Protein chains: 2
Amino acid sequence: MKEKEQLCQFKLMASRDALEVIQGKWRIPIIISLTYGNRRFGEIQRDIADISPKMLSQELKALEEYKIVSRRLHDSMPVAVEYSLTTLGHSLHGLLDELLNWGVHFRNEIVSNNNN
Amino acid sequence: MKEKEQLCQFKLMASRDALEVIQGKWRIPIIISLTYGNRRFGEIQRDIADISPKMLSQELKALEEYKIVSRRLHDSMPVAVEYSLTTLGHSLHGLLDELLNWGVHFRNEIVSNNNN
DNA sequence: TATAGCAGTTACCCAAAAGTAACTGCTTAC
DNA sequence: GTAAGCAGTTACTTTTGGGTAACTGCTATA
């Protein structure tokens with residue numbers, strides 16, 4: 001079964017590509033916040049109660065580089081910055097959905113399985 | 001829109017639950033290897049070419065604690081150990097699928113988008 | 001004119017994650 | 001009897017991720 005092994009290797013590579021982008025404590029939460037519409041820096045910070053401005057800024061920059069998030073600067077005075085998901089960012093929708101569903105499923109399992 | 005905000009908070013929690021389990025460089029790859037059937041320690045190690053025995057052992061233990069993986073010891077002589085996915089482990093199938101699809105999608109996007 | 005809000009940045013520190021290398025005890029095959 | 005494969009473990013080091021606190025420059029509001 002050489003085919004099977006090649007498929008396995010292919011999947012391993014694909015998973016690495018994906019993980020490279022979404023890895024870390026804050027990226028998924030940031031993306032989730034942005035699925036609720038365009039958001040300002042401070043708004044995201046309020047959504048994700050325990051993120052520091054340093055981490056938010058750092059991770060937003062990373063997500064921008066991966067073309068997941070776009071940053072629009074409105075040249076009003078006091079600077080207003082608007083973050084939003086790109087098309088590529090929105091393409092994470094299905095993955096996010098599965099992640100959330102599984103998160104809920106997992107919590108139910110561990111709560112109910114005092115048996116086992 | 002108080003509802004919207006509560007839903008957002010709910011999703012943030014669910015994502016944390018899920019991430020706690022699948023976070024890290026090696027867990028997803030290990031789970032992928034195990035979707036190809038029950039596997040011995042050495043087989044997983046060969047699937048995932050660059051994992052060290054230390055990391056494999058450590059992550060398998062963690063996945064066992066989360067009830068994602070089960071370890072069966074055959075008391076033959078030379079010890080044979082068989083790892084497999086639990087039901088909970090198999091329930092990650094949909095998530096893995098989305099992850100892999102997105103990984104492929106992402107790679108295609110960044111390869112083709114020399115424009116932008 | 002002092003305070004608060006906007007959108008961050010900077011320097012410093014610590015803990016966790018991961019890598020490296022060597023070693024274990026067991027058995028079978030050469 | 002020596003090498004190789006099984007399934008790991010141990011000690012040590014490096015790297016990275018993330019936390020904390022203080023600070024920036026700008027503006028609107030009280």
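Please read all numbers here as calculations on a predicted model, not as lab measurements. Here is the naming used below: chain letters follow the sequence lines, and residue numbers restart at 1 for every chain.
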Mind listing the side-chain donor-acceptor pairs of residues 93-101 of chain A below 3.5 Å, one per line with the distance, residues two or more places apart or on another chain?
residue   : atom : partner  : partner atom : Å
Asn101(A) : ND2  : Asp97(A) : O            : 3.3

query: Do Arg16(B) and Asp50(A) sit within salt-bridge range, that is, some charged N less than 4.0 Å from a carboxylate O?
result: yes
d(CD, Glu43(A); P, dG5(C)) in whole Å: 15 Å
query: How long is the line joining CD1 of Ile48(B) and C1' of dA7(D), in whole Å?
result: 16 Å
message: If we ignore hydrogens and angles and just use 3.5 Å, is the side chain of Ser112(A) paired with the main-chain N or O of Asn108(A) as donor and acceptor?
response: yes
task: Check for a donor-acceptor pair, side chain of Ser57(A) on one end and backbone N or O of Pro53(A) on the other, with a separation under 3.5 Å.
output: no
- prompt: Given atom CZ of Phe41(B) and atom P of dT9(D), what is their separation to the nearest angstrom?
  reply: 8 Å
message: Quick check on dA7(C): is either OP1 or OP2 less than 4.0 Å from any side-chain nitrogen or oxygen of Arg40(A)?
response: yes
- prompt: Starting at CG of Asp50(B) and ending at C1' of dA18(C), how long is that distance when rounded to a whole Å?
  reply: 12 Å
Nucleotide nearest Ser57(B) (side chain, heavy atoms from C-beta), chosen from dC6(C), dT20(C), dT9(D): dT9(D)
task: Begin with the C-alpha distance, continue with both residues' side-chain angles, and end with the deciding distance and a verdict on side chain to side chain contact (heavy atoms under 4.5 Å, CB included) for Gln58(B) and Lys61(B).
output: CA-CA 5 Å; Gln58(B) 177 184 303; Lys61(B) 273 177 195 161; 6.0 Å; no
query: What's the CG-P distance between Leu56(B) and dG19(C), to the nearest Å?
result: 12 Å
- prompt: With a 4.0 Å cut-off on heavy atoms, is Arg46(A) in touch with a base, just the backbone sugar-phosphate, or nothing at all?
  reply: sugar-phosphate
message: Can a donor-acceptor pair be found, under 3.5 Å and without considering hydrogens, that links the side chain of Gln6(A) to the backbone of Glu3(A)?
response: no
- request: Name the closest nucleotide to the Arg71(A) side chain, picking from dG8(D), dT20(C), dG8(C).
  value: dG8(C)
task: Assign a letter to each nucleotide of nucleotides 12-18 of chain D from its 5' end: B, base within under 4.0 Å of a protein heavy atom; S, sugar-phosphate only; -, no contact.
output: ------B
Less than 3.5 Å apart, which donor and acceptor atoms pair up between the side chains of residues 78-85 of chain B and the rest of the protein, not counting sequence neighbours?
residue  : atom : partner  : partner atom : Å
Glu82(B) : OE1  : His74(B) : NE2          : 3.2
Tyr83(B) : OH   : Arg71(B) : NE           : 3.2
Ser84(B) : OG   : Ser70(B) : OG           : 3.3

- prompt: In whole angstrom, what separates Asn38(A)'s CG from dA7(C)'s P?
  reply: 13 Å
- line: When rounded to whole Å, the CD to P distance for the pair Gln45(A) and dG8(C) reads 10 Å
